[in-house]
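Within every chain, numbering begins at 1; the chains are lettered A, B, ... in the order of the sequence lines, protein sequences first and strands thereafter. These numbers were taken from a predicted model, which means no experiment stands behind them.
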Amino acid sequence: MKFLGTPLALAAVLALSAPLASQAQEIKAATETKPSSKYGDMSVVTQDQLNRAATDSSNFLQTNGDYRQQRFYPNRQINASNVAKLRPAWIFQTEIKESLETSPIVVNGVMFVTTSFSQVYALDARTGEEMWHFTPKMGPITTFCCGPNNRGVAVSGNLVYMATLDSQLIALDAKTGKVVWKTEIADPEDGYSETMAPTVVKGKVLIGTNGGEYGIKGFVKAYDALTGKLVWTFNTVPDKSIGVWAEKDPTGRVLHRDIAAEKAQLAKTGDPSKTLGGGVWQNPAVDLDTNRIYFVVGNPSPDLDGAQRPGDNLYTDSLVSLDLDTGKYVCHFQYVPHDVWDLDAVSPPVITNVADKDGKPIKGILHAGKTGHVYVHDAKDCSLIRYSEAMVPQENMWVLPTKEGARMLPGANGGVEWSPIATNPSLGLAYAINLHQPMTYQVQSSAYPSGKLWLGGAFKVIPTEEQWGNVTAVDYNTGKIRWQVKTPQPMIGGILATAGGLVFTGEGNGEFKAYDAENGSVLWHFQAGAGVNAPPSSYAIEGKQYIVVGAGGNTQLDYKRGNSIIAFTVD
Amino acid sequence: MSLKILSKMLIAAACGAILTSGAVRADTIEEKAAVCSGCHGEKGVPVNAVTPIIWGQMEGYLYLELRDFKKGARKNEIMSGIASSLERDDMLALAAYFAAKPWPNLNQPSASDAVTKQAATANGSIGCTGCHLDKYQGTGSVPRLAGQNHDYLAKTLADFRSGERGNNPGMSSLASATSESDLAALETYLAGM
């Protein structure tokens with residue numbers, strides 16, 4: 001552990017670093033949270049605070065900023081005129097040097113971050129001083145597709161919520177890091193695991209599941225926030241998953257399905273819903289006005305072999321809306337029916353006001369796809385209003401995977417991977433980070449392997465072709481690209497826009513940059529020494545605004561690993 | 001008698017009296033584990049080249065393999081026989097026991113720069129480290145590959161490729177999508193880590 005701070009703070013951390021014998025198994029260096037700022041005496045997070053997160057210029061209360069997931073931070077103290085003076089305020093080094101995908105949550109001067117292998121740290125957001133460190137006791141079986149990642153915590157009341165690689169949902173005491181309750185979400189031996197941050201709203205903890213590469217049956221579940229008791233379950237794959245035998249995607253491209261063969265398979269083996277995948281591993285957007293949630297559902301299992309899963313494979317690769325209270329279906333929109341490329345829907349959706357087809361302002365939903373399009377929907381019925389120009393090259397879509405391998409762009413990571421987008425509502429822009437990673441798609445059929453990796457083939461990066469990434473600003477009211485900046489490597493991690501006219505995002509080579517929100521000019525950059533592949537957050541303490549981001553590299557793209565949480569301020 | 005059958009008999013013989021000592025009659029975890037050392041080695045160094053290191057291997061992985069041997073999803077004459085007498089709790093206990101042991105160093109030679117580069121390119125193409133993690137150390141249900149017995153790695157990847165080993169179709173797909181030359185580079189590189 002190492003951080004930059006005052007000698008006094010260092011001494012305090014050293015004093016705290018001896019494990020308490022009575023809590024040695026699960027809690028390390030736990031102690032009472034000391035008030036570290038003028039906000040420190042506010043001990044609980046109220047639902048009203050959570051509802052108003054979008055206008056809270058001191059805290060960062062939710063994984064994607066606010067319930068609408070706009071990732072637009074309202075504080076303008078750090079802005080285009082002074083961002084060149086942004087400097088590290090402190091660096092905290094976690095004990096885990098592996099992929100960091102955490103969105104730091106900041107509440108009343110305390111920051112909560114998570115690391116790979118489902119560990120949680122509480123830090124003094126002013127100094128980076130460690131307050132407590134929670135290491136869950138996990139069972140022997142942990143599965144994942146793309147690294148032992150964790151994307152963060154949710155906060156409500158005096159509890160901190162997180163989920164583990166072995167599929168536990170855990171509520172911790174925010175002040176001490178002690179377990180208040182925990183429950184098993186699903187059996188890890190069947191391929192279920194957790195990497196997402198939960199969402200807490202109106203007394204419920206919402207959580208999905210990983211496992212689209214393991215033949216799970218996906219879901220979103222709601223638990224009672226105080227007791228951990230299950231309230232409702234929505235199966236992302238309904239018992240009738242066939243759909244309408246769509247022959248084209250919503251952009252009009254032909255999917256080249258052999259519908260007759262699929263129908264013959266259906267007659268032979270029935271609806272494939274039991275092992276069809278459909279993970280949900282990104283946070284839902286919550287519409288507090290209508291009491292609805294909106295989330296995206298991941299790929300069908302097995303990824304590349306459609307022969308044994310006839311039909312559209314509902315609701316994989318879809319935007320889905322539910323009633324928050326009951327978990328009942330409201331509407332859905334499928335981006336890629338019967339996907340055999342893993343070009344699924346993973347970047348979290350955003351609720352914002354958009355222009356409808358007549359130019360009239362309505363409540364809309366944005367989703368940035370692995371396909372390279374930003375899709376704009378009507379929130380009322382999930383219908384598609386428009387989709388953006390492609391942000392990355394698209395070639396040979398939708399050629400079917402072959403035994404030898406068929407080249408198609410985008411590669412299976414996108415376009416936009418899980419990386420959350422940011423928006424600037426006053427500019428009407430959505431900011432997305434993209435990958436250009438040419439791949440071939442190979443199919444190889446195999447039977448369901450009971451919770452083991454089940455790809456149905458392989459997606460292979462073509463080593464001889466150039467890879468790159470970009471940061472793209474899309475006008476979601478027209479679908480036009482406003483500006484685009486190319487980066488030397490494919491991008492993954494996330495992005496933050498601020499009222500200071502800035503956009504922050506990082507790269508696999510360690511660069512963390514501030515862009516001008518209007519035109520994409522690079523206004524500031526910092527070399528973090530390890531891949532910056534996590535979504536940035538922002539907060540303010542004692543009148544001073546900070547930007548914070550994890551630099552831990554990325555397992556999936558094999559970007560240089562690190563273990564730093566870095567907070568910046570203008571100094 | 002085919003060479004394959006002869007080879008299996010020789011392996012069984014080399015592993016000593018494991019099949020007669022009987023896992024069923026063993027009571028403590030140490031007694032149960034003693035059966036395993038016949039092949040996997042007293043100090044964790046396997047007695048022959050196609051037997052894997054299990055000392056220090058990932059706990060979840062060891063459990064799942066025992067489970068699959070018992071279910072018949074993974075086939076091996078010796079291991080299927082041993083696993084058939086184990087209950088789930090035995091398997092979990094054995095997995096925990098061996099996972100806690102230190103990984104032995106087989107002192108296999110490091111790969112040349114050219115082989116290392118070829119292995120890195122192959123990894124960049126199919127993403128081995130996406131599951132086996134940086135430095136191929138493994139975690140949970142994903143096995144450590146760094147420093148594993150070279151001939152076991154070679155046999156395993158060949159078996160994944162041919163379908164002879166059928167308990168991880170994801171690995172079969174990835175091994176099939178990789179050229180034999182790239183697999184050979186990976187095996188040499190991993191063994192020498």
(Q) Any non-hydrogen side-chain atom of B:Arg88 less than 4.5 Å from a side-chain atom of A:Glu189? (A) yes
(Q) Can you list the residues of residues 439-447 of chain A that sit under 4.5 Å from chain B, counting heavy atoms only? (A) A:Gln442, A:Gln444, A:Ser446, A:Ala447
Q) Which atom names give the shortest non-hydrogen contact between A:Leu453 and B:Pro169, and what distance separates them? A) O-CG, 3.7 Å
Q. For chain A, which of B:Ala99, B:Gly127, B:Ser176 has the most heavy-atom pairs under 4.5 Å?
A. B:Ser176
Q | Shortest non-hydrogen contact from B:Gly130 toward A:Thr555 | A | O-CG2, 3.6 Å
Q.
For a quick test of reading the model, state the closest non-hydrogen atom pair linking A:Pro140 to B:Leu92 and the distance between them.
A. CG-CD2, 3.9 Å
Q.
Give me the atom names and distance for the closest heavy-atom approach of B:Arg67 to A:Ser450.
A. NH2-O, 3.7 Å
(Q) So which residue, B:Gly140, B:Ala122, B:Ser141, ends up with the most heavy-atom pairs under 4.5 Å with chain A? (A) B:Ser141
(Q) Using heavy-atom distances under 4.5 Å, tell me whether B:Leu62 contacts chain A through its side chain, its backbone, both, or neither. (A) neither
Q: Run the salt-bridge test on A:Lys452 and B:Asp68 with the 4.0 Å N-O cut-off and return the result as yes or no.
A: yes
(Q) Using heavy-atom distances under 4.5 Å, tell me whether A:Tyr448 contacts chain B through its side chain, its backbone, both, or neither. (A) neither
Q. Which pair of heavy atoms, one from A:Ala458 and one from B:Ser173, lies closest together, and at what distance?
A. CB-O, 4.1 Å
Q) Can you name the closest pair of heavy atoms from B:Thr129 and A:Arg561 and give their distance? A) O-NH2, 4.5 Å
Q: Counting only heavy atoms closer than 4.5 Å, note whether B:Ala73 contacts chain A via side chain, backbone, both or neither.
A: neither
Q) Which one of B:Val142, B:Thr178, B:Asn168 has the most heavy-atom pairs closer than 4.5 Å to chain A? A) B:Asn168
